[in-house]
Amino acid sequence: MSGHAIDQRTWGERYDRTLMNTFGHPRRVLVRGRGADVWDADGKHYTDLLAGLAVHALGHAHPAVVKAIGEQAGMLGHISNLFASPPQIELGERLVPLATLNAPQTPARVFFANSGTEANEAAFKLSRLTGRGRIVAMEGSFHGRTMGALAITHNEHYRKPFEPLPGEIVWVPYGDAVALERAVDETVAAVVLEPIQGENGVVEPGEDFLPAARRITADRGALLWIDEVQTGLCRCGRWFAHQRAGITPDIITVAKGLANGYPIGACIALGEAAGLFGPGQHGTTFGGNPIACAVGCAVLETMASEGLADRSERLGEHLAETVMALGDPRIDLVRGQGLLRGIVLNRPIAAGVADAALEAGWIINAPRPSVLRIAAPLVIAGEQLDAFVAALPGLLDAAQGRV
Ligand code: PLP
């Protein structure tokens, strides 16, 4: 049964016969990883600059993660929501002070789910308990694939085949505080936004937008719900990306990096919103399970002890500077924060560049036709990033050669 004996092509054929075609043919079948290095079924090596879509901040097979999974699995693996476990309580206790860094006295409570979309689903339901029904969401947003999260996801391609979706969603252009001011009235339950739109190509709003969103929602009695699934937990050089703006939201949703790839999500409600859910109003069998929460504790501890927020900030700035220093006329700018970066090209060849990169042994992706996304493990060596930057002009050449 070992993956090592079977080659890439055979695995690919077996995949196509058996797995639903939601993702297309797999680009590679990966069998092993360590840090920012990963190997496919043919033994070929890649430098992972995407961390499983902005997930494993600690890289592959980090000893703290391996230890936490092993120890907890050997002690107590699953208990259902009829019971609680020490790792679940401890992870909640660790998240609350991080979520309230900008306003430490704010009460906060956590609901654990299994993914980002489920964290948002919980937040969606929570918002309905305000007694209001409308949600203001952003053009360009991505919040997940379940029906509630899809309803506040802007991309028509994802939404259209599944309509009707939960209604009463009002769209405003991302970053437009004037439009937001106009859209939010006393019927709005929540405004939901990402501090940086990762799936939309690492798009940042202007500096004033988050403070404006906080002021407008507070004025109208609406919740400010910040989706930190992609941007949170050191990815953008802070514990949470919105903290750079000095604000405190009412709801924060997280997932991806929280257990370094072991499935978990969390909806953190702050202030009055923390008391909205009552017994029986939401639930999950696996959410908050002891193993995922033990890993979450190990991840947060490692992030703090290894200073990964600062490292993310430093390496992200270095990456942006070195990419721009190439002076390549095909590169317009590098945007984003920390190690969530979009390299913006002035031509729509990003998918071709990502393909050329994979062939050359680099994992990146192209969330938009002219944007390359880098979301490397935060433990990646600076030399690994430098080697990619040195290779980038050649990858652009290769992609242009294909058009
Ligand atoms: N929210 C944001 C901002 C995301 O980037 C994603 C995934 O990319 C999600 C929610 C959905 O998370 P998941 O894929 O874990 O359901």
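Counting starts at 1 for both ligands and their atoms, in listed order.
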Note to self: Hydrogens and angles aside, do Ser141 and Thr153 bring a side-chain donor and acceptor to less than 3.5 Å of each other?
What the structure shows: no
Notebook entry, point to check: Name the residues with a heavy atom less than 4.0 Å from ligand 1?
Noted result: Ser115, Gly116, Thr117, Asn120, Phe142, His143, Gly144, Glu194, Glu199, Asp227, Val229, Gln230, Lys256
Next item on the list: Kindly assign one of parallel, tilted or perpendicular to the pair His60 and His56, based on the angle between their ring planes and the thresholds 30° and 60°.
Entry: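 Tilted: the ring planes of His60 and His56 meet at 30° to 60°.
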Taking [X] first and then [Y], would you say they form a salt bridge - that is, a charged N and a carboxylate O separated by under 4.0 Å?
{"X": "Lys44", "Y": "Asp42", "answer": "no"}
{"X": "Glu301", "Y": "Arg94", "answer": "yes"}
{"X": "Arg238", "Y": "Asp310", "answer": "no"}

Check: His25 and Tyr15: aromatic ring centres closer than 6.0 Å?
Finding: no
